[in-house]
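See structure below.
Quick caveat, the model's predicted, so the values are computed rather than measured. Quick note on labels: first sequence line is chain A, next is B, and so on, each numbered from 1.
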Number of protein chains: 2
Amino acid sequence: MAETPRLTESASAVFAVLAQAGSATRPQLASLAGLSKPTVSSAVAELEAARLATHSGTASGGTGRSAAVYGLGPASGAVLAVDLGPARTLVRGCALDGTLLAEATGTREEAVEAVREALDALPVGAPLRTIVVAVGDVTAPDGAGGGMRPATAKAGPVFDAVSVALPPGVPVHLENNVNCAALAELHEGAALGRRTFGYLRIGVGIGLGIVIGGQVLRGANGAAGELARLPYPWDDDREPRQEALEEYVGAHSLLRRAAAAWRDADGPCPDSADQLFALAAEGRETAGALVARHAADVGRLAAAVAAVLDPGLIVLGGSTGAYPQLLPGVRAELGRLSWPTEVVSSTVGDRGTVVGAARLAVARGVQTVTEAAWVKD
Amino acid sequence: MAETPRLTESASAVFAVLAQAGSATRPQLASLAGLSKPTVSSAVAELEAARLATHSGTASGGTGRSAAVYGLGPASGAVLAVDLGPARTLVRGCALDGTLLAEATGTREEAVEAVREALDALPVGAPLRTIVVAVGDVTAPDGAGGGMRPATAKAGPVFDAVSVALPPGVPVHLENNVNCAALAELHEGAALGRRTFGYLRIGVGIGLGIVIGGQVLRGANGAAGELARLPYPWDDDREPRQEALEEYVGAHSLLRRAAAAWRDADGPCPDSADQLFALAAEGRETAGALVARHAADVGRLAAAVAAVLDPGLIVLGGSTGAYPQLLPGVRAELGRLSWPTEVVSSTVGDRGTVVGAARLAVARGVQTVTEAAWVKD
DNA sequence: TGTACTTCGTTAGGAAGTTAACTAACGAAG
DNA sequence: CTTCGTTAGTTAACTTCCTAACGAAGTACA
């Protein structure tokens, strides 16, 4: 047993690259980490000794000598991601290469049980590196201890309830759910391969996740992308009211408008966005008009984002925003008002928030391995 | 004479730090660059041999042995910054530590002469590293050659006219003037010491310079911060028109509203923002009301920015935005609508654009020294 | 079944930078 | 005027990583 669990700098770099790749040969690690073959050899030896990496097979593809393949070892550990949604709680445990190790679901009330279930399903002996909890609230650094707290009161109680189930001593990071979903689109969704984009979520509320250079933009109060505070209505002779835009463009307002515009000839009035979009897809006139109107509203919101950020790509998500039927209308309004900007629909859907939270947790977990090892004892 | 003009990595790092500090002792360089004393010693020797640094004195302040002070050497060269404003052209030549070497001014038509005058005033023998031209237009990377071009036609002809006066072979970088002014606030203005803020310029046009982590955010089309494209008017039953917001909140509209609201009892109607703000400062009721209204409009604009970016600080500038009289009204409206955000007035004023362009040129010039030296011959 | 070719991994030597210790220079106190 | 504390700069040993060359282990082909 090594008395000094510190990693050399090159070993840390190799570990980070190995975690990102999942598994790789030594030459691959060398080119990905920008290190030479001998350095990678010694780094791999160091990681194997620390059980952070293991020899998982040999690559026997092409010509030439076959290379040894390495993967993450048992000591690399796991991370936990929790999505505290308004109705459902999703929990995910992942290894540091992102592979799913445990999964659990429950209602909001069953959050504690779901967390316990996922924790029990994690492999024994694997250290839990970090926990990320996604909440539907602005999150800001806590004054004490470097932790995070919901900045407003909305998500506070739920978070407190869940935190009793979390093992002590493991760093917990709170993150806004829209930011998490944006990260999911970045890593395995519609924004794959991009460096900068905006993820516009339209549901009961509206929110924007901003990714610039692969990093989430959080803002001075953790409130970047809180579009509910855009001035609205905005005109020469009207006073904007706080949060008025969310009431107007959110899911509730869409259904309210549907109820108001509905005529007997249209059949039963839809009571969910799903029904409304289905009727529009069938060619019903009233439903189609409502969808077109909604698309224009979303397009204006997107135009406001593009006017400030010019992100080049906007991914639409959320319970009323993710329908591809909206795309033509949104693109038309955005094109009329603002800069050339791609608009696509979310591909990760409802799981986006947990998936993104898990991505964030993995990134932080890798840091703890490569940084904690540097602490002077 | 050294046959190989390449710098070692440590010498490059030390040079960059020295350029930022202007002058420094070896221990200072070591701590600023994060290098050890012996490494700095050899780096300084290398820079001195290349005439990129010179021994400029000794620091004889405190106790202990007095340290040698080094500054930039004659071979470090100079950069040129040009502000092609709508009326005036400002030109500035700087050393790589930011010290002013030459200055020239002219009307828009005299741009070529002003550039020639500044170039002539630069010390002979000092290589010109780079040129930054600030234009009132969106700038985007040119297809060929890695240069920059105005993206729309507005500033194109002026830039072409000036470019004949620029010495060939020197890299030219085009930048938006609002972005330049934001950099000036960052380095020597109201945002000194900040990492993230927004510079909101209200004049004939409106624009926002976004600085995140000390870097200007340009956007996919180079159009980040082009607030003229914010949807306006924006309400349930109005169609937003492109650029309508600029017409409404810009300087022209302020004077137009003044003319409309003016009554005979108020005396002669002001025909400049200066006059209007002066009358308001004297306590004239009509002028005061117009200023208050303008402050509320600017506050709404700031709220739109804060809703998307949550920058923590907004610096107000421009011909009608820089008046500190606006601050209370802007702060009130922003506080009512959005997140806690500091609001202050610009401190660099009209010179901001050239100063910022010079800062940008210095940063790029330092890069050319430390990078060009790495090119394999 | 050799032989040639290709790729993997290790060994050896060198470049660059760090820590630690030492010498040099300067101010203040006795 | 000497001595002491403090800070600057240099020298030496050690660490880390790279390049270059070589041996090892595969595949392709006569």
* With a 3.5 angstrom cut-off on both distances, give the Watson-Crick or G-U wobble partner of D:dT16, or none if there isn't one. =>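 Partner of D:dT16: C:dA15.
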
* Scan every strand shown for a Watson-Crick or G-U wobble partner of D:dC4, both distances under 3.5 Å, and answer none if you come up empty. =>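 Its partner is C:dG27 (Watson-Crick or G-U wobble, both distances under 3.5 Å).
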
Are any of the side-chain heavy atoms of [X] and [Y] separated by less than 4.5 Å?
X	Y	result
A:Val211	A:Gln215	no
A:Tyr199	A:Ile210	no
A:Leu360	A:Asn179	no

Dump the pairs, protein N or O against N or O of nucleotides 27-29 of chain C, anything under 3.5 Å, distances to one decimal.
none

* Looking only at atom types and distance, does a side-chain atom of A:Ser66 sit under 3.5 Å from a main-chain N or O of A:Thr58, one as donor and one as acceptor? ->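 Looks like no, no N/O pair under 3.5 Å.
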
Could you tell me the separation between the [atom1] atom of [X] and the [atom2] atom of [N], rounded to a whole number of Å?
X	N	atom1	atom2	answer
A:Leu7	D:dC17	CG	P	12 Å
B:Arg65	D:dT7	CZ	P	14 Å
A:Glu9	D:dT16	CD	P	10 Å

* Can we say B:Arg194 and B:Glu185 salt-bridge, meaning some charged N sits less than 4.0 Å from an Asp/Glu carboxylate O? ->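 The answer is no: the pair does not qualify as a salt bridge.
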
* Going by number, which of residues 24-41 of chain A have a non-hydrogen atom under 4.0 Å from DNA chain C? ->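 The stretch gives A:Arg26, A:Pro27, A:Lys37, A:Pro38, A:Ser41 as the residues lying under 4.0 Å from the strand, ordered by number.
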
* For B:Leu101 and B:Pro123, which heavy atoms make the closest approach, and how far apart are they? ->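 Shortest heavy-atom separation between B:Leu101 and B:Pro123 comes out as CD1-CD, 4.1 Å.
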
* Asked: Which pair of heavy atoms, one from B:Val14 and one from B:Ala43, lies closest together, and at what distance?
  ->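 What the structure gives for the nearest pair is CG2-CB, 3.8 Å.
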
* Consider only side-chain N and O atoms of A:Thr8 and A:Glu46, and report whether a donor and an acceptor are under 3.5 Å apart. =>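 There is such a pair between these side chains.
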
* Asked: Is any side-chain nitrogen or oxygen of A:Ser10 closer than 4.0 Å to OP1 or OP2 of D:dC17?
  ->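 So the side-chain polar atoms of A:Ser10 do come within 4.0 Å of the phosphate oxygens OP1 or OP2 of D:dC17, strictly under.
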
Between the protein and nucleotides 2-4 of chain D, are there any N/O to N/O pairs under 3.5 Å, and if so, what are the atom names and distances?
none

